[in-house]
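What follows is one structure encoded as structure tokens, with my remarks underneath.
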Amino acid sequence: MTRNFLLLCLAFIFAAQHASAQNEANVWHFGLNAGIDFNSGTAVAVRGSGMRAAEGSSCISDPVTGQLLFYTQGELVYNRNHALMDEGQGLLDWNCWGSAMQGSMVTPWPGHPDNYLIFSVDCNEANGGSRTGNSARYAVVDMTANGGLGKVVEKKNRLVRLATEKITGTIHCNGRDYWVIIQEAETSRFYAYLVSPKGVAEPVVSEPIQARGGLTGVIKTSPDGTKLAVTYQFARASELYDFDPQTGMVSNGFVLVNGRESWGASFSPDNSKLYVTTRFTTMKIAQYDLQAGSNDQIRLSEVQLNTGNESASVMQQAPDGKIYVASEIRLGALGVINEPNRPGTACDWNPATSPGGFDLGGDSVIIGLPVFIESFFSDSQPDPSLCPLPTAGFNLAETEICPGGCLSINNTSTDGSSYLWTFEGADTESSTEFEPQNICYSTPGTYSIRQCVINENGWNFIDLSVTVKDDCLEPIPNFSLSETEICPGDCIDIIDNSQNADSYEWDFSGASNTTSSTDTEPTNICYNTPGSYTITLKLTNANGEASTTRELVVVNSCPTPTVDFSLSAETICAGECIDISNATTDADSYDWDFSGASNITNSSDENPPSICYDSPGTYTIRLDAANANGSSSEQVSLTVLENFRIQLTLADVQAEAGFTGLRIPLSISLPDLAGSFNLPELQLSVRGHSALLDFIDATDATNVNPDVNGAEASISFTIGSAIVNSSDFVLTEIIVNTVHGFPLELTDLTLEAMPLVSDCVSLELTGGSYEQLHTCPAGHLSLGTTLQTVVSVQPNPAVDVLTVDVSTNVAGDQELALFNSWGERKSRFHWQHSDTDDEARSYRFTIPTNELASGAYQLVLRNGSRVESRSVLIVK
């Protein structure tokens, strides 16, 4: 019970009492895009509606301005811009497209001014007419969403499992809450749901004997909420009941019309008349005088208003005090009862087909009009004496207390049956007693006390406040020191966290610059002599005084950093890097200076990364280390040696026809050096053709006779190892020979000396004269006047096998090799020719070609340093 009361009262936002001439029903949307605006006081047809409903719909407008908020046919919801509302679909299990006579009704949500509830019922055709789909449900709309266009935030909340197409509503007699009434299908039961700030309550169920459960027809309450009319189409009847707007009970029913297919119904604004339409068998619109007397007298007071077989179906009271009636003969207009409070024909009935009908401006109604809370059209407010709400009220013996003090409540409320109290900030959170006592508070502040008074008709509340004064509190001293251990000559600051103090007294005995203070947070308190010191704070206010202390230690000595670092090398070559080994002690921060370095010039890291230097020179690496007691510095010198890269270029060398070789003399001059080292690498670059490299009189050269292959080939080689105290080394010459037999077309020959970085050797490379070697008569390579080698190839092009005949009188090592166009060797033969009498000998070699790809190949014969080549074409 306590929890329910708490939720009820804490959620409350006091709602204004319902008054007549409210604006919630000022804009209608119904039928096929039809609309009416009553905001001017006169009905005006409006166009542009998105409504597509064969029968019932519902609309809601702002209660103050009358501006349209949204409208629905029970399944889809449209915003004021006539677009589908966010989440505004799927409100029911079946989409009847507005084919339920009273398919929906919108109610405000009391206490929630930006929220509305949509109640929807399925149509008779739902689930193929089996009636198992006729459920009633409700959805919740939040009009603060989407810039005021609204959003459906809940949907398909189930109510009656099997409902008729009938729904109506009226205000509770407390003037705040609403009743929503739905009739269950094929029973005599009515379900009345109370809509209050808590939401939708469990239904009040009434089961009068007279009621019947036909699915189609309408249900209407009188504007004052005391009468309930029900029509039945296929059950061929209409009934009239009493309704209790306090309890939600339906009672005292009797049959008003029997044997006629009843359809629409509406009460007059003054609750004195009831209008009922019948259709199909007999087209009739009749008025009944509810003040005629007994049930029989009311039944006998019937006055038929239509003069012929005029069509009239659903009817709805409007804000202008008139009743509008749908017609099935003229869909573009409505019938109108202009004076519904007047008896008989004085009510001024005008069929839709008459000049007095209301023209819809080009849009159409079918057989349905909007459904509203009928009390929107009431000429008077509910009588609060029928079900009075409680009046909240209480007072306090004291509205100001000290911490630890307690309160007692004096309850002055009226008409309450139960109570819920909430005490903000108190030791007791809530109570359900009539007059709670001993409500105590510990913490200063201003707090709210809420009384929620409940009775059977509703609830009410009131708030009062109580102040817990902070000047009732004793002082609470609390402080901390910026440091608790310092060096001689250092100073500290005070951080104060005290409470409730009017005055401060500080004692700094032993401090060198001040021994006392009355400041809230003293600063710069200094101590010169090592030792332990006590700092005392005493607080005072009108309620007393209190003290507390903190300890401070002044240590004997405070070391400064000792800077110690070394380099991985103190002499490097340009382009190299060094690492730092830091052995500094007692440092809190580091400031490195690497001026002149190429990758980093400063760092605050304890162990900085590798430091690199690109330019020769002498550099200083400095470290400044610091702590709270001071700083220290150290620096180390670094020498960066120059790297030499000397290049000898023989440019514009143009070989003559038949040229196969180039002789280049070369010498290297070294500085006077003591010790053992390796001479630098030499790099030879040849562009244009593959070549062979021969060294002449180069006993210390390595990589003798290397192949240099490729369109722009180069090769590096090292000469001169372990030279001691030498100032000159001569490489007599280098000979560059072509691999193939056609001319070597040189446009550039480059020799580069690349010193080893680790030695940083400075050298001078000299040379550059050159001479052409060897000429090639047609058919073979001439190696002298008496030495010759003849090579013949057959067949050429070759298919499966290649035969090579070699005739030579050149003594020494012989090598025959086959190369593809990429310079890859595919076959090789090696032998020794030992003739010394210049007699030629012949050799035959067979090379299978079945595994070789088609293309151009080179056949190369080497006789020592002599070379001859032939072009071969292999085809498949």
Hey, does the side chain of [X] reach the backbone of [Y] with a donor-acceptor pair shorter than 3.5 angstrom?
| X | Y | value |
| --- | --- | --- |
| N79 | N81 | yes |
| E374 | F377 | no |
| S517 | D519 | yes |
| K156 | L91 | no |
| T221 | G169 | yes |

[Y] and [X] side chains, donor-acceptor separation under 3.5 Å:
| X | Y | value |
| --- | --- | --- |
| D37 | N39 | yes |
| Y116 | D142 | no |
| S408 | Q437 | yes |
| R450 | S448 | no |
| N541 | D502 | no |
| S378 | D224 | no |
| N460 | R176 | no |

Less than 4.5 Å apart, any side-chain heavy atom of [X] and any of [Y]?
| X | Y | result |
| --- | --- | --- |
| P269 | P340 | yes |
| V180 | I167 | yes |
| Q183 | V230 | yes |
| E184 | E207 | no |
| T391 | V453 | no |
| T226 | N271 | no |
| T72 | S57 | no |
| N411 | W421 | yes |

Smallest separation among heavy atoms of [X] and [Y], with atom names:
| X | Y | value |
| --- | --- | --- |
| G88 | V152 | CA-CG2, 3.8 Å |
| W179 | P245 | NE1-O, 2.7 Å |
| E521 | I494 | CB-O, 3.7 Å |

Only one of [options] passes side chain to side chain contact (heavy atoms under 4.5 Å, CB included) with [X]; say which it is.
| X | options | answer |
| --- | --- | --- |
| P370 | S104, C59, S58 | C59 |
| T412 | N410, T414, I409 | N410 |
| P110 | I171, L194, D177 | D177 |

Trace of the side-chain contact (heavy atoms from CB on, under 4.5 Å) decision for Q451 with S413: CA-CA 9 Å; Q451 177 199 54; S413 64; 3.8 Å; yes
Rounded distance (nearest 0.5 Å) linking atom [atom1] of [X] with atom [atom2] of [Y]:
| X | Y | atom1 | atom2 | value |
| --- | --- | --- | --- | --- |
| T540 | N500 | OG1 | CG | 12.5 Å |
| T170 | F372 | OG1 | CZ | 14.5 Å |
| T548 | L537 | OG1 | CG | 7.5 Å |

K151 vs E87, salt bridge (charged side-chain N to carboxylate O under 4.0 Å, His left out): CA-CA, chis, key distance, verdict: CA-CA 6 Å; K151 177 181 180 179; E87 293 297 327; 5.7 Å; no
Looking at the rings of [X] and [Y], which for Trp means the six-membered one, are their centres under 6.0 Å apart?
| X | Y | result |
| --- | --- | --- |
| Y447 | F423 | no |
| Y78 | F70 | no |
| Y71 | W28 | no |

Verdict with reasoning, R137 to S120, per side-chain contact (heavy atoms from CB on, under 4.5 Å): CA-CA 5 Å; R137 300 179 184 269; S120 303; 5.6 Å; no
Chi angles and distances behind the side-chain contact (heavy atoms from CB on, under 4.5 Å) call for L228, T168: CA-CA 9 Å; L228 184 73; T168 191; 4.1 Å; yes
Worked verdict on L84 versus Q89 for side-chain contact (heavy atoms from CB on, under 4.5 Å): CA-CA 8 Å; L84 194 66; Q89 68 281 330; 3.4 Å; yes
Worked verdict on Q499 versus E474 for side chain to side chain donor-acceptor pair (under 3.5 Å): CA-CA 8 Å; Q499 300 179 42; E474 294 182 355; over 6 Å; no
